[in-house]
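Side-chain atoms are counted along with the backbone in the values below, which use heavy atoms only and exclude waters and symmetry mates.
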Amino acid sequence: VQLQASGGGMVQAGGSLRLSCAFAGDVFSMAWYRQSPGSQRELVAVITNAGSTNYAESVKGRFTISRDNVKNRLYLQMNSLKPEDTAVYYCAADNFDGDDYFGQGTQVTVSS
């Protein structure tokens with residue numbers, strides 16, 4: 001499984017960004033994680049192969065995860081961004097054998 005994230009950048013608080021992740025290989029569920037300096041990597045949102053989603057409490061109502069299995073793309077629409085959303089964001093996937101994969105990160109910086 002190969003994962004390539006893009007779409008990060010710098011935005012002011014209240015703004016929006018959309019992250020994209022191109023994937024190759026057979027994947028089951030997919031997710032976005034994030035990690036800020038001095039913190040552990042945390043799960044932001046997950047979407048199963050059937051389209052069921054789940055979100056961290058801190059992003060519920062602001063972030064939306066989606067996937068396009070025809071284009072082999074995973075997305076994270078981030079609205080109403082806050083400075084505390086600043087982190088490196090990683091796309092992740094697991095395959096049908098339960099093996100986990102992470103792509104390289106993309107930096108998101110939200111200024112106040």
Taking all non-hydrogen atoms of both residues, which atom of Q104 and which atom of A5 are closest, and how far apart? NE2-O, 2.8 Å
Can you tell me how far OG of S29 sits from CZ of F96, rounded to the nearest 0.5 angstrom? 9.0 Å
Tell me whether V11 shares a hydrophobic cluster with V59, the cluster being built from Ile, Leu, Val, Met, Phe, Trp, Tyr side chains joined at under 4.5 Å. yes
Measure from the side-chain N and O atoms of N72 to the backbone N and O of A24, and report whether any donor-acceptor pair falls under 3.5 Å. no
Is there a path from V27 to I47 through hydrophobic residues (I, L, V, M, F, W, Y) whose side chains come within less than 4.5 Å of each other? yes
Which pairs with one or both residues in residues 97-112 pass salt bridge (charged side-chain N to carboxylate O under 4.0 Å, His left out), sequence neighbours excluded? none
Is the closest side-chain heavy-atom distance between M30 and L3 below 4.5 Å? yes
Partners passing side-chain contact (heavy atoms from CB on, under 4.5 Å) against N54 (at least two apart in sequence or in another chain): V46
Quick one: CZ on R18 to CG on N79, what's the gap to the nearest 0.5 Å? 11.5 Å
Hey, is CG on D26 packed in by over 12 heavy atoms from elsewhere, all under 6.0 Å? no
Heavy-atom nearest pair, G7 first then L17, reads O-CD2, 4.0 Å
What pairs with R41 under side-chain contact (heavy atoms from CB on, under 4.5 Å), at least two apart in sequence or on another chain? Y33, Q35, Y90, F102
SG/C91 to CG/L74 distance, rounded to the nearest 0.5 angstrom? 6.5 Å
Indicate if L43 and V88 have the same hydrophobic cluster label, given that clusters are the connected sets of ILVMFWY residues with side-chain heavy-atom separations under 4.5 angstrom. yes
Per-pair distances, 0.1 Å, donor-acceptor, side chain in residues 105-112, under 3.5 Å, sequence neighbours excluded:
unit_1: T106; atom_1: OG1; unit_2: G8; atom_2: N; d: 3.1
unit_1: Q107; atom_1: NE2; unit_2: A87; atom_2: O; d: 3.4
unit_1: Q107; atom_1: NE2; unit_2: T109; atom_2: OG1; d: 3.4

Check L19 against W32 and note the closest heavy-atom contact, atom names and distance. CB-CH2, 3.7 Å
Could you tabulate the donor-acceptor pairs under 3.5 Å formed by side-chain atoms of residues 61-68, not counting sequence neighbours?
unit_1: R62; atom_1: NH1; unit_2: S80; atom_2: O; d: 2.9
unit_1: R62; atom_1: NH1; unit_2: D85; atom_2: OD2; d: 2.7
unit_1: R62; atom_1: NH2; unit_2: S58; atom_2: O; d: 2.8
unit_1: R62; atom_1: NH2; unit_2: D85; atom_2: OD1; d: 3.0
unit_1: R62; atom_1: NH2; unit_2: D85; atom_2: OD2; d: 3.4
unit_1: R67; atom_1: NE; unit_2: N69; atom_2: OD1; d: 2.9
unit_1: R67; atom_1: NH1; unit_2: F28; atom_2: O; d: 2.8
unit_1: R67; atom_1: NH1; unit_2: T48; atom_2: O; d: 3.3
unit_1: R67; atom_1: NH2; unit_2: F28; atom_2: O; d: 3.3
unit_1: R67; atom_1: NH2; unit_2: N49; atom_2: OD1; d: 3.4
unit_1: R67; atom_1: NH2; unit_2: N69; atom_2: OD1; d: 3.3
unit_1: D68; atom_1: OD1; unit_2: V70; atom_2: N; d: 2.9
unit_1: D68; atom_1: OD1; unit_2: K71; atom_2: N; d: 2.9

Sequence neighbours excluded, the answer for salt bridge (Lys or Arg N to Asp or Glu O under 4.0 Å) partners of E42 is R34
